[in-house]
Every structure is written in C-alpha cells, then in structure tokens.
Amino acid sequence: MRSAPTILHLDMDAFYASVEQASKPSLRGKAVIVGGLGPRGVVATASYEARRFGVHSAMPMAQARRLCPNGAYLIPRFRLYQAVSELVMGLLRELSPLVEPLSLDEAFVDLEAGGVAFDSETARATGERLRADIAAATGLSGSVGLAGSKMLAKVASEEAKPAGLLLIEPGTERELLAPMTVRTLPGVGPVTGEHLRRAGMTTVGDLAEAGEDELVRMLGRSHGVGLHRMALGLDDRPVVAERDAKSVSVEDTFDVDLHDRVRIRGEVQRLADRCVQRLRASGHSGRTIVLKVRRFDFSTLTRSETLRGPTDDPGVVREAAARLLEGVDTTGGVRLLGVGVTGLADYTQEDLFAQASVTLAAEDAGGGPDAAGESDVRDGSDAPEAAAGVRGADGVSGVAVPGGARAAEPERTAPGGPAAPRPGHHAAGADAGGASGRHWAAGSDVRHAVYGPGWVQGSGVGRVTVRFERPGSAPGRVRTFRVDDPELEPADPLPLAGEEGAQDP
C-alpha cells in the first residue's frame, strides 16, 4: 500500500457502444446495443441509454430486444475499437512507462513511476487532465480511479462511472469499503457471493469483521487469506507493464445446433485456422491445443493435447483439433465450438513439425499423443483480477494478447446453414454465393459510389437500408438499395472526429 494515491485506473465508459455513438451521429443519446445479432448472440456492450431498460453485457441478445425493442442493434467493429484503444493507451504511456492494460478499454498506470504525481493534489490534477485529453482526442469519456493500490483504484473508477473521477485518500479505505457489497471485491463471483450470503456476510465490512480464520475455514487458505486482506483494503501488487499472454482462442456459437459430423469437422478446421492467425499476429507459438464443445444440453466439454514443442503451423493445429474432436460425442447436436492454444512461446520448433503427419500417425498407432484429457483454459495469473475473471470491455470474455491486454471478442454467431458468411471476412459481409447472397450486417461500414460513406441500418427481403453520415457530421439521410447494388460496397471504418489525423474522406 502506498501513502499517496498514485496508482490510476482508467475504465472507458460503455466503450464499444460509445465508439458507435461517436462514429454514427444519428445514434447519439440513443439506446445502442453491440454484440452478436443472431438468435444466440450475446450483448457485448450496452450504452447507458440502453441500460435504463435493463440491458447489460453478457445478456442474451433476444432478451435485450424484448427489454429494449427500439434500440439500435449493431455488430462489433473490432478494427475501429482497436484503433481507438491504441490512441488511449498512447496517452497513458505519456504519463508513465508503467502501464498495465487489462483490455482494450481498461488499464492501470503508475503515476509515481512517471514522475507526474506524488501526492493527492498532483494525482487528481493528472487524472482530470487525462480525462480531458481522452475527450479531445477521441470524443469519448472515461472514468478514473486514484488510490494507493490497484484494487482500490479499480473500485474507485467503478464508483466514479460514468465520466467521473474518484480519489481514495490513503487511510480511508476501510471506511469506504465497509458498506459495499462483497461482489465489489475481485475474486467474489456469483457462487462465492451466494456462499458468503448464506453465512450472513453481504458487505465488505462483514468480511473484515469475520476475520481471516473464519474466511479460511469457509473458502480455503489461499482464497480466504486473500479475501480478508482485500476486505481490509490491503493490496501490494505492483503495476506491471508487460504480462505474458497465456492463451489464444476463438469460438463460434451457432444459430442452429449442428448435427452433421462432416459439418462439425469443417467448422473445427476453420476455427483452427482462425486461431493460428491470431497466434501468429500476437507473435507467439503454442504447445497445447484445446478443443471446446458445448452440446445441445449446454454441457461443455474441453479436451486438450500437448505437443512435444510449440508450433504455429495451421496444419498441425488442425490435425490436433480433429483428433480431439474424435473423442467427443456430438450425437445430440452442438451449439458452440472453440479452438485454443495454450503454453505459449515466442519461437517455434520447425524441425519437429516438418514431418508432422508421419509423427502424429506414429503416435496414433503407438498409444496416442503425449497428453490428452479435460482441462481448464486460464490466463495463468494468480492476481485477484484473474481470480475474478479478467474480461474484455464491459465484461465480455476475450483472447489473451501480449502486454496483458485482452482483445475482447463476443461469441460470434454463425448461421447453421451452409451459406453462412465466414467470420474473419469484412463485417459488412462477403458475397455468399453470388450478388443476391450478399449479407449486410447492421452497423457495418459501407460506401456508395454516389452518396459516399455510410453504415447499414438493416437489410432483408432483397433490400439494404443505409444511413449516410460520418463522425462529426450532422445526422445523415437514409436510403434503400437492392442488396446486389453494384455501387454499394463494404468499407473500412472512418476515424472518429476527435482522433488526430481524422479528416473527411
């Protein structure tokens, strides 16, 4: 614990939805929900306007539509979110060399290490200046927490939401924490929270009064000791600028359960290729291949195979994933598939895998690979935020990437039919079997040869509706076209009006 509140935690407000509102002038002040738009999609982020209707992240999209039928439902545009995130993280690194990203929209900063703050007054001034700089550069708002520890700084930023700043003076931690719910503390999820409630502990003050011995008896030594320390406001974890990635994974949820074994194998192969693309983009290779299968009854199976050395060879990953699939019963149908790689390294053993098919065939004949069986895929960190489940922006699980950040990716919904647009194509949709099969997803970027840049409001019955506007403009006009209009094409996102270098196309 520090004697001055020089640890800063920044959490951007409703990040994905806020970026969409800044990018689409007609949506400012409106209910915006970002996530998977299929029947089994989930909410990634909801704007504060949508939250008034009870919509929140990780909620099934079908439920969100019932609660907020007039909201704007949009697909995520990760390329744009990543660009805005890089701009925000750049502002943080101007304050200190010690910046610890947790996701695209969240990070810790050690202000003392950067020489910009040494007491409450300078810390508050730095926090206010940061919020102003972010607003000027992106047009977005962020909430800032300042405290003498990482845990308290994160609690402070949550209390400051939206668009606020809260500084916790050292020495006032226990008084501030005491009336808060136990779910405020990292590591206390729904199950632990219910266990504590049954024991009569509903506030952080209750945990502090219960004592360490009682919490250890209830929760075990590691969790009990850590939880009691946090209840007292004690946290000595430093801000770490670089945290190694532990895993990379991708998964798809299907609108219709898959029963065809050939189709299931094809989807696993495609997921393996996407996983390798992410693996290579992060500059890593991996040694353990993981297959995740969620069946029709919501039971989830995880199988893994550990290779004899790290690889980023798509053929090796595909073959391993296919072998794992052979050991899974998919008779009743599959609603979700995922492929991941753990045991990451920054090199590959090319000589090991040059003859992968021969080696793997020999293993199959001689008793199987080195290791196989059920496993949990985790980020490997013992930090409290990992125990709580470090998540992407607004609570969406993501894939680990270098530097400790997690590139949040909501479960992508893929129609169960064979003509499903492949994830990884442009968000606006690629041609799926001819011009008449073009898929225009709501929220995706387009450009018309005559009317210029716009975004898709909706499509159906052979028509697509587009609103023509750009960041910083007045709300634009809406026009409708045939889905196969040759003058309409997918486009890249335009930079936000507030971003440096932004200009009209």
Side-chain angles (χ1 to χ4, degrees), residues 9-78 80-81 84-85 88 102-106 131 134-135 138-145 154-166 180-186 188-190 193 385 388-398 406 408-411 413 442-443 455 457-458 475 496:
H9 181 258
L10 171 72
D11 195 355
M12 300 296 290
D13 299 323
F15 184 54
Y16 294 175
S18 294
V19 171
E20 296 298 340
Q21 288 176 321
S23 177
K24 301 174 170 68
S26 60
L27 297 183
R28 291 169 189 164
K30 306 289 181 59
V32 174
I33 301 95
V34 179
L37 302 186
R40 292 176 176 172
V42 295
V43 175
T45 309
S47 69
Y48 286 98
E49 294 85 357
R51 295 181 191 188
R52 298 192 188 105
F53 293 88
V55 180
H56 57 76
S57 61
M59 171 183 285
M61 191 63 77
Q63 182 181 356
R65 289 184 186 274
R66 289 193 295 270
L67 293 172
C68 186
N70 296 321
Y73 290 84
L74 310 173
I75 61 167
R77 296 188 296 162
F78 292 107
L80 179 58
Y81 306 152
V84 177
S85 174
V88 172
L102 301 180
S103 65
L104 290 178
D105 68 329
E106 186 180 2
R131 292 181 60 243
I134 290 173
T138 67
L140 306 178
S141 67
S143 297
V144 169
K154 186 172 175 64
V155 168
S157 69
E158 186 64 29
E159 291 294 305
K161 281 186 168 293
L165 181 149
L166 177 63
M180 295 183 178
T181 173
V182 294
R183 293 290 302 276
T184 301
L185 300 180
V188 181
E385 67 261 28
V390 177
R391 295 179 289 183
D394 296 276
V396 179
S397 62
R406 295 177 68 82
E409 180 176 8
E411 291 183 354
T413 56
W455 59 278
Q457 281 200 316
L496 298 187

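Heads up: numbering here begins at 1 and tracks the sequence. Quick caveat, the model's predicted, so the values are computed rather than measured.
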**OP:** Would you please test Y48 and S18 for side-chain contact (heavy atoms from CB on, under 4.5 Å) and show each step?
**Re:** CA-CA 9 Å; Y48 286 98; S18 294; 5.6 Å; no

Original post:
With distance as the sole criterion, is a donor-acceptor pair present between the side chains of D13 and S141 under 3.5 Å?
Top reply: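 Yes, side-chain donor-acceptor contact under 3.5 Å.
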
Restricting to non-hydrogen atoms, name the atom on [X] and the atom on [Y] that form the minimum distance, rounded to 0.1 Å.
| X | Y | answer |
| --- | --- | --- |
| L496 | T138 | CD1-O, 3.4 Å |
| D11 | S157 | CB-OG, 4.3 Å |
| K161 | M12 | NZ-O, 3.3 Å |
| G145 | A156 | CA-CB, 3.6 Å |
| G443 | W455 | CA-CE3, 4.0 Å |
| Q21 | S47 | NE2-CB, 3.8 Å |

When rounded to the nearest 0.5 angstrom, what distance separates [atom1] in [X] from [atom2] in [Y]?
| X | Y | atom1 | atom2 | answer |
| --- | --- | --- | --- | --- |
| I134 | L140 | CD1 | CG | 8.5 Å |
| K24 | K30 | NZ | NZ | 13.5 Å |
| H56 | I33 | NE2 | CD1 | 12.5 Å |
| R131 | S143 | CZ | OG | 7.0 Å |
| M59 | R66 | CE | CZ | 9.0 Å |

Original post:
Hey, does L104 have a side-chain heavy atom less than 4.5 Å from the side chain of Y16?
Top reply: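 They are in contact (side-chain heavy atoms under 4.5 Å apart), so the answer is yes.
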
**OP:** Please examine the side chains of H9 and L166, heavy atoms only from C-beta on, and report whether any two atoms are closer than 4.5 Å.
**Re:**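 No, side chains not in contact.
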
Original post:
Could you go step by step and tell me if V42 and Q63 meet the side-chain contact (heavy atoms from CB on, under 4.5 Å) rule?
Top reply: CA-CA 9 Å; V42 295; Q63 182 181 356; over 6 Å; no

**OP:** Could you please spell out the steps behind the side-chain contact (heavy atoms from CB on, under 4.5 Å) verdict for R77 and E20?
**Re:** CA-CA 9 Å; R77 296 188 296 162; E20 296 298 340; 3.1 Å; yes

Subject >> Residue pair F15, V88: steps toward the side-chain contact (heavy atoms from CB on, under 4.5 Å) verdict >> reply: CA-CA 12 Å; F15 184 54; V88 172; 5.5 Å; no

Original post:
Between the side chain of Y73 and the main-chain N/O of M61, is any donor-acceptor distance below 3.5 Å?
Top reply: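 Checking the backbone N and O of M61 against the side chain of Y73, no donor-acceptor pair under 3.5 Å is found.
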
